[in-house]
Every structure is written in structure tokens, then in C-alpha cells.
Amino acid sequence: MPELPEVETTCRGIAPHIADRKVVSVIIRESRLRWPISPELEAGITGARVLGVRRRAKYILMETDCGTLMVHLGMSGSLRIMPAEAPALFHDHVDIVLDDLRCLRYHDPRRFGSMHWLSEASHPLLDHLGPEPLSTSFSGAYLYERSRRRSTSVKQFIMDGKVVVGVGNIYANEALFLAGIHPKRASGRVAAARYEALVGAIKDVLSSAIEQGGTTLRDFVGGDGQPGYFAQQLRVYGRQGRPCRVCQTALKEVRQGGRSTVFCRVCQR
DNA sequence: ATGACAACCTGTGGGC
DNA sequence: TGCCCACAGGTTGTCA
């Protein structure tokens with residue numbers, strides 16, 4: 001489910017509801033996430049006042065006056081505001097109960113997500129992340145420099161979190177199509193001007209997906225429970241075998257690093 | 001350093 | 001209808 005636009009949508013959805021609220025308790029029904037939830041989480045967050053919510057890569061950072069709750073949604077996670085008394089459903093693993101009879105409820109069937117309590121400003125998982133894709137430091141020149149003498153494919157290159165964060169499989173496919181670049185091309189052999197186009201495409205596709213409230217595949221819902229509407233604008237992802245929206249050629253599907261790649265062999269070189 | 005791949009899980013959809 | 005397999009939005013850790 002969640003790629004960067006979905007995580008951003010979640011942040012924006014929950015922020016107004018939790019700002020300035022106090023955490024009165026934590027209910028952990030299942031602590032076995034990608035990493036087990038540390039007992040320090042409950043001790044640290046109980047009684048804390050929420051200052052705000054921000055996002056770094058695909059991590060949601062809920063800052064309080066006592067420390068920071070760091071949440072990752074993995075492949076199937078979601079975080080929603082609910083009435084605290086709403087009955088918990090299967091896979092509703094954690095409730096952060098607030099002082100207004102509501103709670104922030106974490107749901108994650110596959111348990112690839114994670115929840116950490118940070119009493120300090122930093123965390124090892126945040127240490128080696130590349131730039132934010134929507135920041136000005138993420139530029140064509142930057143990608144060009146980083147890619148020189150690298151043989152890895154351009155798709156795997158832009159999906160590497162040490163290069164740039166937040167470009168997941170859906171949007172990598174979409175951005176490469178928009179930039180007209182073949183996903184299997186060696187990243188070290190993409191010209192500077194084409195990296196400019198690629199960076200523009202990544203920023204465009206991510207920002208318009210955020211504007212649409214994310215891409216809803218299966219059952220993604222934002223922090224307020226609303227679905228996203230970007231799926232109807234996908235150009236290649238999930239459209240293998242169907243005609244390219246530009247030249248009508250049947251879109252091709254290949255596999256890269258175990259992930260599905262869909263592209264147009266005519267429009268992308 | 002780089003790159004390929006297994007691993008962590010459950011749910012779902014397609015093929016038979 | 002039902003069973004089994006392959007695959008799904010992510011990321012880390014390991015090994016060559």
C-alpha cells in the first residue's frame with residue numbers, strides 16, 4: 001500500500017486531530033511487527049503532549065514533549081483516527097489513546113511496518129537516508145553525479161533509499177514512463193539532461209498523487225479513512241498488456257529485483 | 001563498494 | 001466450489 005504520497009496523506013489526515021492532544025494510554029495487542037515494539041514505547045509516550053507530525057522518507061514522526069513516535073506503514077499498514085471505544089478489528093495492533101476519547105489506531109495485516117519510540121532526536125534507521133524527492137536538493141545534477149560508473153538499472157537506482165527516499169515501485173514505473181527512460185537502462189549511462197527530465201517526472205508524479213490523496217490499491221485509506229484517487233491516473237503500473245496511452249503499443253512487463261516493472265518499449269529508451 | 005537475493009508476514013486472485 | 005501457488009504498495013540484512 002503505502003508509498004510516499006500515501007504516507008504524506010496519512011500525516012496530513014491525522015495531524016489536525018492529534019496536535020496538542022495528550023496521550024493517556026497505549027494498547028498493544030500485537031507487538032510483533034517488523035521489529036518487536038519496545039516496552040519503552042508505552043513508558044515513554046504515556047502522558048506525553050503531541051507537538052506535531054512530520055514525515056521523513058516513509059516514516060511518520062509524531063513529536064511530543066517527551067520524545068518522538070516513529071511509525072512505518074510497511075506494505076499493508078494504515079494509521080487512522082477513531083473513537084477510542086470503537087471495537088478493534090483483526091490486525092488492529094496498536095491504539096495510541098488520546099485525551100479526547102479518540103485514538104490513533106495502527107492496522108497492519110502483514111506486519112511489515114514498525115513502531116519505535118525515540119527519546120533522542122535521531123535513530124539509526126534515519127541516518128543514511130537520501131534526500132527528500134520534493135526538496136530542492138534533489139536535482140538532475142545530483143542524480144547524474146550519484147549514478148556515474150554505476151551499472152545498476154536506472155529503476156533500481158531511483159528506488160534505492162540511500163540515493164533518494166520515497167520512490168516506491170508504483171511511482172518509479174510512472175516516473176520512468178513520463179521521462180521516456182527504459183527502466184533497465186544502466187543508471188551510469190543516462191545523460192544529464194535525461195536525469196533532469198526524470199527528476200521533474202518524479203516530483204510531478206509524487207506531488208499530483210499527494211494532491212489526489214494517494215493511490216488506492218485494494219484498501220488504502222488516509223488518516224481520516226478516505227480513499228485516494230490517483231489510481232485512475234496511472235499510466236503504466238498494473239497496465240501490462242494494455243495499450244500505451246501515448247502510442248497504443250501493448251505495455252510490457254518485466255521483473256527487476258523481484259518487483260514488477262511495466263513500460264512502453266516504444267516510448268521508453 | 002556494489003549488487004543480487006532471501007527474509008519478514010498475511011491476504012487475494014488466478015489457474016486448474 | 002475449493003485448493004494451491006504466485007504475487008502484492010517496503011526495507012533490511014547477508015552473502016558473493
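Note on naming: letters A, B, ... go to the chains in the order of the sequence lines (proteins, then strands), and numbering restarts at 1 for each one.
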Exercise. For C:dG10, take OP1 and OP2 only and decide whether either is under 4.0 Å from a side-chain N or O of A:His72.
Key: no
Quiz prompt | Span that lies between the P atom of C:dT12 and that of B:dG11, in whole angstrom | solution = 24 Å
Exercise. Among the candidates B:dC9, B:dA4, C:dT11, find the nucleotide nearest to the side-chain atoms of A:Tyr59.
Key: C:dT11
Quiz prompt | Rounded distance in Å between the P positions of C:dA6 and B:dA6 | solution = 14 Å
Quiz item: Does the side chain of A:Tyr237 get closer than 4.0 angstrom to OP1 or OP2 of C:dG9 through an N or O atom?
Solution: yes
Quiz item: Is the NZ or CZ atom of A:Arg56 positioned over A:Tyr59's six-membered ring, under 6.0 angstrom from the centre and within 45° of the axis?
Solution: no
Quiz item: Mind checking the P distance from B:dT12 to C:dT11? Whole angstroms is fine.
Solution: 23 Å
Quiz item: Has A:His91 got a side-chain N or O lying under 4.0 Å from the OP1 or OP2 atom of B:dC9?
Solution: no
Quiz item: What pair of heavy atoms forms the shortest contact from A:Leu33 to A:Gly113, and how long is it?
Solution: CB-O, 3.3 Å
Quiz prompt | C:dC7 phosphate, OP1 or OP2, under 4.0 Å from A:Arg110 side-chain N/O | solution = no
Practice problem: Would you please confirm or rule out a distance under 4.0 Å between OP1 or OP2 of B:dG3 and any side-chain N or O of A:Ser151? | Solution: yes
Self-check item: Mate of B:dC9 where both pairing distances stay under 3.5 Å, Watson-Crick or G-U
Solution: none
Quiz item: From B:dA4, C:dG9, C:dT12, pick the nucleotide closest to the side chain of A:Leu125?
Solution: C:dT12
Exercise. Check whether NZ of the Lys or CZ of the Arg A:Arg239 lies under 6.0 Å from the centre of the six-membered ring of A:Tyr237 and within 45 degrees of that ring's axis.
Key: no
Quiz item: Looking only at side-chain N and O atoms, does A:Arg259 come under 4.0 Å of OP1 or OP2 in C:dG10?
Solution: yes
Practice problem: Decide if the gap between the ring center of A:His123 and the ring center of A:His116 is smaller than 6.0 angstrom. | Solution: yes
